[in-house]
Amino acid sequence: MDSVLRETSAIRERVEAVESRIRRAAERAGRRREEITLIAVTKKFPAPVIREAYDAGLRHFGENYVQEFEQKSPELSDLSGAIFHLIGRLQSNKARRAAALFQSIDAVDSARLATRLAQAGRSLEVMIEVKLSDEETKSGAAPEQLPEIIEALNRSANLKLLGLMTMPPWSEDPEISRPYFRKLRELARRYGLTGLSMGMSHDLEVGIEEGATHVRVGTALFGRRPKE
Ligand SMILES: *Cc1c(COP(=O)(O)O)cnc(C)c1O
């Protein structure tokens with residue numbers, strides 16, 4: 001077997017393994033598998049890896065950087081039905097470029113960015129990233145900012161607000177994430193939002209138990225990310 005084929009079968013096996021983790025977690029939580037969207041996080045991986053994941057059946061992909069995906073996307077224009085999510089921080093001055101590249105902007109963190117996205121004039125799904133930990137490095141809006149961001153998004157008929165996203169402090173222990181996921185669920189309920197993007201490779205089960213509608217999985221599907 002040549003190396004491309006060997007890689008492809010590795011991805012298929014990993015997709016199957018992640019699928020069964022999602023299925024089992026959903027079952028334990030008394031939820032249906034269809035309620036949960038698997039977003040394959042492909043940052044730092046080249047376009048051919050995204051194509052392999054598509055061939056293995058995945059349709060939702062998460063990228064972190066506008067510029068990186070701008071370079072990869074021309075190679076991927078034939079992947080019909082693929083949905084690309086921007087899951088990394090977006091600067092307002094790149095909103096127009098992002099709106100042209102992605103179908104979903106999952107880390108909206110300010111009313112200003114919401115307004116810029118609305119001005120881009122494209123139909124987009126959006127989620128608001130909420131910062132629930134005190135870590136300096138974490139991006140996201142403070143919970144107190146939610147009303148103003150929601151209002152800015154709702155002013156635009158082009159933007160469809162699905163819900164909230166968060167990223168807890170990283171820990172080997174997935175249980176560390178649980179209180180953050182609970183808090184996100186409570187916030188979403190308070191604002192009548194149903195989407196919850198929470199859970200990654202190491203804590204997707206906890207995310208699903210706490211109500212995740214989207215899990216964002218990189219390492220468990222693709223292995224360790226290449227260095228820049
Ligand atoms: C990289 C990244 C992920 C995926 O993390 P893994 O631990 O590799 O599954 C999920 N969400 C965001 C926002 C990321 O930046």
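As the structure lists them, so they are numbered: ligands from 1, and atoms in each ligand from 1.
Aromatic rings of Phe102 and Phe84 (six-membered ring for Trp) have centroids beyond the 6.0 Å cut-off, not under it.
Closest protein heavy atom to atom 9 (O) of ligand 1: Ser201 OG, 2.5 Å. Nearest non-hydrogen protein atom to atom 8 (O) of ligand 1 is Thr219 OG1, 2.5 Å. Remark: minimum distance from atom 1 (C) of ligand 1 to any protein heavy atom is reached at Lys43 NZ, 1.3 Å. Protein heavy atom in closest approach to atom 13 (C) of ligand 1: Met167 SD, 3.4 Å. The nearest heavy-atom contact from the protein to atom 11 (N) of ligand 1 is Arg216 NE, 2.8 Å.
Thr219 and Arg224 share no side-chain donor-acceptor pair at under 3.5 Å.
For Met200, no nitrogen or oxygen atom sits less than 3.5 Å from a nitrogen or oxygen atom of ligand 1, counting backbone and side chain alike. The shortest N/O to N/O separation between His202 and ligand 1 does not fall below 3.5 Å.
Between Ile87, Asp203, Val217, it is Ile87 that holds the heavy atom closest to atom 12 (C) of ligand 1.
Here Glu186 does not pair with Lys183 in a salt bridge; the nearest charged N to carboxylate O distance is not below 4.0 Å. Between Glu205 and Arg24, no side-chain nitrogen of the basic residue sits less than 4.0 Å from a carboxylate oxygen of the acidic one, so the salt-bridge criterion is not met. Taking a cutoff of 4.0 Å between a charged side-chain nitrogen and a carboxylate oxygen, Glu19 and Arg33 qualify as a salt bridge. Taking 4.0 Å as the cut-off between side-chain N and carboxylate O, Lys72 and Glu68 count as a salt-bridged pair.
Atom numbering of ligand 1 starts at 1 in the shown order; those under 4.0 Å from a heavy atom of Asn64 are 14 (C), 15 (O). Proximity to Arg225 (heavy-atom distance under 4.0 Å) selects the following atoms of ligand 1: 1 (C), 8 (O).
In the hydrophobic cluster analysis, where Ile, Leu, Val, Met, Phe, Trp and Tyr join through side-chain heavy atoms closer than 4.5 angstrom, Leu86 is grouped apart from Ile39.
Both cation-pi conditions hold for Arg59 and Tyr54: the charged atom is under 6.0 angstrom from the six-membered ring centre and inside a 45 degree cone around its axis.
Ligand 1 lies within reach of Met165, whose nearest heavy atom is under 4.0 Å from it.
At a heavy-atom distance under 4.0 Å, only side-chain atoms of Val41, from C-beta outward, approach ligand 1.
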